[in-house]
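Data first, discussion second: the structure below is written as structure tokens.
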Amino acid sequence: MYKIMFSAGETSGDMHGANLAKALKNICSDIEMFGFGGPQMEQAGVKLCKNMLDYSVMGFWEVLINLRKMFKLKDALVAEMKKQKPDILVLIDYPDFNWRLAKEAKKMNIPVFSYIPPSAWAWRKGRAKDVAKIADKIVAIFPFELDVYKKAGADISFVGNPLMDNVKASMSREMAAEFFGINLKEDNILLLPGSRKQEIANLLEPMLQAAQLIKKERPEVKFFLPVATGIDKKYLEEKINEYGLTVKLCEIKTYDLMNCCDFAIATSGTVTLEAALMGLPSIVLYKMSAITYRIAKIFVKIKYFSLPNILVDKQILPELLQDEVNGENIARLARDLYKDTKSAKKVKEELLMVKEKLGSPGVADKTAELILQTADRFKNEIKG
């Protein structure tokens, strides 16, 4: 019998947590899972103490103004940890919150398993030592994360990226085009404003401004937008109508939709990597509050901010940061990504390098095995 507590605070973490929960149940039927997560984890058999959809915030300033709410969440989860006494705590990303929770677990002698550790490779490299002291086992999802953690003395592994298991079309390109009503001979652009309300607030309008300009240049262009879980579809419709645009909102089969479009205008994050694995070029946007950006400029020292570019250490995808994010710049970059351009063909060829960096499939199964091995190790130490 295993009792496993999860903590995942974002949409991507919910997906990864759900895959781990399924893999754990396949390995061991006698297992109980509970914690902090979202609807996908709940569907996979994790009993939610708190739902992540009620706590999704990002950025230094945004977290600061929500501190009281986040402290109450931590207190509630610590109380649940004391009550249920799990064999292991599995943290999935969400670093600013999860590592506070991890410290409380260590006080109770509960082993801590970190899946998707804090990005010490990008900034605050010193925290790798702090994480190494707390985490009993770390599984990274990018190969470039290993070095800084190994130097800090952490027990860390890379078993591949979970997207290698998840990112795949469910039907042929032609079938998907028929499903979505897409004419593959025309230009089709995917808008990916993000899965967080804050991302959408910052980036949807510049995307729609760009769409207006693109429509003037190429009237035949069609726009599509996948609606992330927890996002108000009515809000999206109202914003789109303000700009006098026609954008088809799609709530299912996002990867099939990616397979039909020519390129995306995307918020920086996991979705740009998903698009890259589907062979879909993106114009990558990143915009945060002014105070968060000022703080980030001091501490973050990286050449690129989009994951595909970071992985291959080369600017394959065009990036726009902060004040560069506007309709004119996005529309200008779009001209290089239409299906009839040489530059678009080159980008698609170079995206194959991204896939090569991400390992082989079966990541959830390999990670689930490591979770149970870590729990067993501590059970044996207690018995010994």
Side-chain angles (χ1 to χ4, degrees), residues 1-57 69-70 72-102 104-106 108 110-117 135-139 141 159 161-163 165-167 195-196 228-231 252 270 362-376 378-379:
M1 169 68 181
Y2 293 96
K3 186 178 280 191
I4 297 174
M5 182 174 182
F6 286 92
S7 181
E10 298 175 305
T11 301
S12 59
D14 185 32
M15 176 186 72
H16 298 318
N19 289 336
L20 286 179
K22 292 171 191 173
L24 285 162
K25 285 202 302 186
N26 287 336
I27 297 169
C28 178
S29 57
D30 192 11
I31 195 164
E32 184 181 335
M33 297 176 289
F34 69 97
F36 175 48
Q40 294 182 71
M41 289 171 65
E42 187 172 35
Q43 193 172 10
V46 179
K47 184 179 178 182
L48 298 186
C49 308
K50 294 289 182 179
N51 195 313
M52 55 158 247
L53 296 180
D54 299 323
Y55 298 91
S56 183
V57 294
K69 186 177 182 181
M70 301 310 288
K72 284 184 178 179
L73 171 63
K74 190 198 82 171
D75 290 344
L77 293 177
V78 169
E80 199 66 32
M81 209 186 308
K82 286 179 180 175
K83 177 184 174 184
Q84 301 220 36
K85 298 180 175 63
D87 296 309
I88 193 165
L89 171 65
V90 178
L91 307 177
I92 305 172
D93 204 1
Y94 210 50
D96 291 321
F97 176 82
N98 272 343
W99 289 95
R100 290 184 176 91
L101 188 63
E104 298 299 323
K106 295 306 285 185
M108 293 180 242
I110 295 169
V112 173
F113 187 100
S114 171
Y115 186 52
I116 314 177
D136 299 284
K137 180 65 183 178
I138 301 172
V139 171
I141 62 170
V159 296
N161 190 287
L163 295 181
D165 293 319
N166 299 323
V167 180
S195 59
R196 301 183 186 98
T229 304
I231 296 302
I252 55 173
T270 304
V363 177
D365 293 332
K366 296 170 193 170
T367 305
E369 290 279 7
L370 289 171
I371 290 171
L372 296 182
Q373 285 173 21
T374 306
D376 284 338
F378 274 79
K379 281 183 177 181

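Not measured: the values here are computed from a predicted model.
Shortest non-hydrogen contact noted between G17 and F6 is O-CE2, 4.4 Å. Shortest non-hydrogen contact noted between A76 and K50 is CB-CE, 3.8 Å. Heavy atoms only, all atoms of each residue included: L89 and A105 are closest at CD2-CB, 3.7 Å. Here the closest non-hydrogen pair linking A18 and A44 is O-CB, 3.6 Å. The heavy-atom pair separating K82 from M108 by the smallest distance is CG-SD, 3.4 Å. The minimum heavy-atom distance between I27 and A368, with the atom names listed, is CD1-CB, 3.6 Å.
Annotation: side chain of K137 is not in contact with side chain of I88 (no heavy-atom distance under 4.5 Å). The shortest distance between side-chain heavy atoms of F97 and L77 falls below 4.5 Å. Within the 4.5 Å cutoff, the side chain of L20 has no heavy atoms near those of the M41 side chain. Considering only heavy atoms from C-beta on, K85 stays 4.5 Å or farther from I110 through its side chain. Between P39 and L53 the shortest side-chain heavy-atom distance falls below 4.5 Å. Within the 4.5 Å cutoff, the side chain of I116 has no heavy atoms near those of the L91 side chain. P95 has its side chain within reach of D93: a pair of non-hydrogen atoms, C-beta onward, lies under 4.5 Å apart. Using a 4.5 Å heavy-atom cutoff, the side chains of I4 and L24 are in contact.
Checking D376, D30, D87 one by one against Y2, the side-chain hydrogen bond (donor to acceptor under 3.5 Å, both in side chains) holds for a single residue, D376. Paired with M33 under the rule side-chain contact (heavy atoms from CB on, under 4.5 Å), one option of K25, M5, K3 passes, and it is K25.
Side-chain polar atoms of N19 and N166 form a donor-acceptor pair below 3.5 angstrom. Side-chain atoms of D136 and T374 form no donor-acceptor pair, as typed in the model, at a separation below 3.5 Å.
A distance of 11.0 Å separates OG in S7 from CZ in F34, rounded to the nearest 0.5 Å. To the nearest 0.5 angstrom, E10 atom CD is 8.0 Å from T270 atom OG1. Atom CG in D75 sits 13.0 Å away from atom CD in E80 (nearest 0.5 Å). One finds the SG atom of C28 at 12.5 Å from the CD1 atom of I371 (value rounded to the nearest 0.5 Å).
Aromatic ring pairs are classed by plane angle as parallel below 30°, tilted from 30° to 60° and perpendicular above 60°; the pair Y94 and F36 is tilted.
Under a cut-off of 6.0 angstrom, the local environment of NZ in K74 is crowded, with over 12 non-hydrogen atoms contributed by other residues, nucleotides or ligands. When the shell of 6.0 Å around CD of Q84 is examined, it contains more than 12 heavy atoms from other residues, nucleotides or ligands.
Between the side chain of N51 and the backbone N or O of G38 there is no donor-acceptor pair closer than 3.5 Å. No side-chain donor-acceptor contact under 3.5 Å links D14 to the backbone of A8. In this structure, D165 contributes its side chain and G362 its backbone to a donor-acceptor pair below 3.5 Å.
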- Given side-chain contact (heavy atoms from CB on, under 4.5 Å), test L48 with V46 step by step and report yes or no. CA-CA 6 Å; L48 298 186; V46 179; 4.3 Å; yes
